[in-house]
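To start, the structure under review is shown below, and the notes come after it.
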Amino acid sequence: PTLFNRLAPVSFLNHSGFCFKTGDTLNIDTLSKQLVDATYHRVDQVFEHGEFAIRGSIVDLFPMGSESPYRLELFDDCIETIRSFNPETQRTIEKISEMNCLPAKEFPFDDAAIIQFRQNWVDRFEGNPMQCATYKDTSKHIVTPGIEYYLPLFFDETASLIDYLPDDSVLIHYHTIHESADRHQQDIKDRHDQLSHDIARPILRPDEVFWSTDALFKAFKGFKQIQIKGVQVESSGLADLSIDHKTPEPLKKLDTFLKATTTRVLFA
């Protein structure tokens with residue numbers, strides 16, 4: 001299902017991210033506006049992805065996709081240090097010299113993007129747009145739930161996951177992928193038929209939000225591919241690892257098994 005979603009063009013992520021290096025010049029007021037335009041949320045203290053905070057000459061930022069937030073300390077307009085830190089304890093984890101930051105959403109949210117969104121909405125849907133909560137919220141720079149299904153309205157063109165892969169990638173897939181793709185396409189069509197009559201929440205055509213099966217498999221042809229036609233797994237049966245709560249050593253069977261086996265064991 002993820003493969004079928006239309007994504008932001010590669011150029012958007014290439015030009016909408018942030019790169020910070022120690023020694024770089026940085027204007028805090030300009031950065032604050034850029035982060036808000038990239039749909040980051042300004043808070044008093046950073047705890048979650050997509051948040052940033054500014055306290056004097058210190059900028060805390062929790063980039064999307066990052067394991068931890070970062071703290072940029074400035075001397076005048078120069079980045080003096082960059083450190084990752086624990087948002088709960090505020091203690092430094094690691095000092096680094098450079099960091100990259102993705103936009104908080106997969107679409108732009110500055111004034112120009114919202115103007116384009118509004119124009120594309122009016123072009124596609126009939127009726128008064130102010131009767132739709134999604135249109136009204138977006139016009140007020142509010143990121144409303146479900147806005148990702150209107151992503152194409154923010155761009156002139158969209159991309160697929162295939163567009164993000166390096167040219168030397170190898171695609172590995174099961175031979176049943178065509179059948180799975182056809183079922184998913186039918187599910188999309190069925191959902192559209194059920195929801196397309198809601199005037200207060202109009203939806204885009206399936207081909208505007210999702211890629212077709214033909215388009216995706218055509219894109220596959222530009223890469224080396226490995227197709228898995230069948231996998232046979234042989235097993236001699238599982239050992240008895242049951243827990244016996246009535247004995248002094250409830251996990252005795254597991255302990256015995258672990259001491260005897262030479263294979264790797266995964267606990268899930």
Side-chain angles (χ1 to χ4, degrees), residues 1-18 29-43 49-52 63-65 101-164 181 184-216 218-219:
T2 303
L3 182 62
F4 280 94
N5 293 338
R6 287 184 178 269
L7 306 177
V10 178
S11 59
F12 167 69
L13 287 186
N14 287 339
H15 294 94
S16 300
F18 301 87
D29 293 334
T30 301
L31 174 64
S32 177
K33 183 181 184 307
Q34 291 174 334
L35 289 172
V36 170
D37 288 343
T39 65
Y40 277 83
H41 181 53
R42 185 167 181 172
V43 295
H49 291 91
E51 295 181 339
F52 76 98
M64 303 304 294
C101 176
L102 292 171
K105 301 293 181 184
E106 295 182 357
F107 49 85
F109 215 63
D110 54 11
D111 292 338
I114 291 177
I115 290 174
Q116 181 168 354
F117 170 89
R118 287 161 57 96
Q119 183 59 55
N120 286 332
W121 183 288
V122 172
D123 291 342
R124 282 170 171 79
F125 303 127
E126 298 179 355
N128 183 0
M130 296 307 294
Q131 294 180 348
C132 179
T134 301
Y135 181 89
K136 290 192 295 184
D137 287 348
T138 304
S139 299
K140 298 176 182 178
H141 288 74
I142 299 173
V143 180
T144 187
I147 189 64
E148 61 272 13
Y149 288 103
Y150 297 94
L151 179 143
L153 300 184
F154 290 96
F155 299 104
D156 293 327
E157 59 181 17
T158 55
S160 72
L161 183 62
I162 302 298
D163 295 315
Y164 283 85
H184 183 60
Q185 288 283 352
Q186 186 61 47
D187 289 342
I188 292 173
K189 182 180 181 302
D190 292 342
R191 291 202 305 271
H192 181 267
D193 291 342
Q194 295 170 5
L195 302 173
S196 60
H197 306 293
D198 188 349
I199 300 177
R201 191 178 177 85
I203 58 178
L204 295 171
R205 300 190 315 269
D207 63 287
E208 293 180 293
V209 187
F210 305 97
W211 289 99
S212 68
T213 303
D214 291 341
L216 284 177
K218 183 178 180 181

- [ ] Give me the ring orientation class for W121 and F125: parallel if the planes are under 30° apart, tilted from 30 to 60°, perpendicular past 60°.
- [x] perpendicular

Open item on the list: Could you check whether any side-chain N or O of S212 sits under 3.5 Å from a backbone N or O of A215, counting only pairs where one atom can act as donor and the other as acceptor?
Closed with: yes

TODO: Applying side chain to side chain contact (heavy atoms under 4.5 Å, CB included), run through S32 and F52 and close with a yes or a no.
DONE: CA-CA 9 Å; S32 177; F52 76 98; 3.9 Å; yes

Would you be so kind as to tabulate the donor-acceptor pairs closer than 3.5 Å made by side chains of residues 148-158, with sequence neighbours excluded?
from, atom 1, to, atom 2, distance (Å)
Y150, OH, P202, O, 2.6
D156, OD1, Q116, NE2, 3.0
T158, OG1, R6, NH1, 3.0

Open item on the list: Could you work out, with salt bridge (charged side-chain N to carboxylate O under 4.0 Å, His left out) as the rule, every residue matching D214, not counting sequence neighbours?
Closed with: none

TODO: List in chain and number order the residues that pass ring-ring contact (aromatic ring centres under 6.0 Å, His included) with H184, two or more places apart in sequence or in another chain; answer none if no residue qualifies.
DONE: F4

Task: Distance (rounded to the nearest 0.5 Å) between F107 CZ and F12 CZ - done: 8.5 Å

Task: Separation between NZ of K218 and CG of L216, rounded to the nearest 0.5 Å - done: 12.0 Å

Task: Test side chain to side chain donor-acceptor pair (under 3.5 Å) applied to D110 and H141, step by step - done: CA-CA 8 Å; D110 54 11; H141 288 74; over 6 Å; no

TODO: For the residue pair M64 and Y40, establish whether any side-chain heavy-atom pair is separated by less than 4.5 Å.
DONE: yes

- [ ] Determine whether P103 and L13 make a side-chain contact, defined as any pair of heavy atoms from C-beta on separated by less than 4.5 Å.
- [x] yes

Open item on the list: Test of understanding: with ring-ring contact (aromatic ring centres under 6.0 Å, His included), list the residues that count as partners of H49, not counting sequence neighbours.
Closed with: F62

TODO: Evaluate side chain to side chain contact (heavy atoms under 4.5 Å, CB included) for L7 paired with E106, printing each intermediate quantity in order.
DONE: CA-CA 7 Å; L7 306 177; E106 295 182 357; 4.2 Å; yes

TODO: Can you measure from CG (N5) to CD1 (I188) and round to the nearest 0.5 angstrom?
DONE: 7.5 Å

TODO: Return the minimal non-hydrogen interatomic distance between A159 and P9, and the atom names on each side.
DONE: CB-CA, 3.9 Å

Open item on the list: Could you measure the distance from the CD1 atom of I203 to the OG1 atom of T134? Nearest 0.5 Å is fine.
Closed with: 11.5 Å

TODO: Not counting sequence neighbours, list each pair that qualifies as a salt bridge (charged side-chain N to carboxylate O under 4.0 Å, His left out) and has a residue in residues 188-201.
DONE: K189-D193

Open item on the list: Please list all pairs meeting salt bridge (charged side-chain N to carboxylate O under 4.0 Å, His left out) that have one or both residues in residues 115-142, counting only residues at least two apart or in different chains.
Closed with: R124-E208

Open item on the list: Quick check: do W211 and L3 have side-chain heavy atoms less than 4.5 Å from each other?
Closed with: no

- [ ] Keeping the roles fixed (side chain from T39, backbone from K105), state whether a donor-acceptor pair exists under 3.5 Å.
- [x] yes

- [ ] Might you point out which heavy atoms bring C132 and A200 nearest each other, and give the distance in Å?
- [x] SG-O, 3.2 Å

Task: I199, CD1: over 12 other non-hydrogen atoms inside 6.0 angstrom - done: no

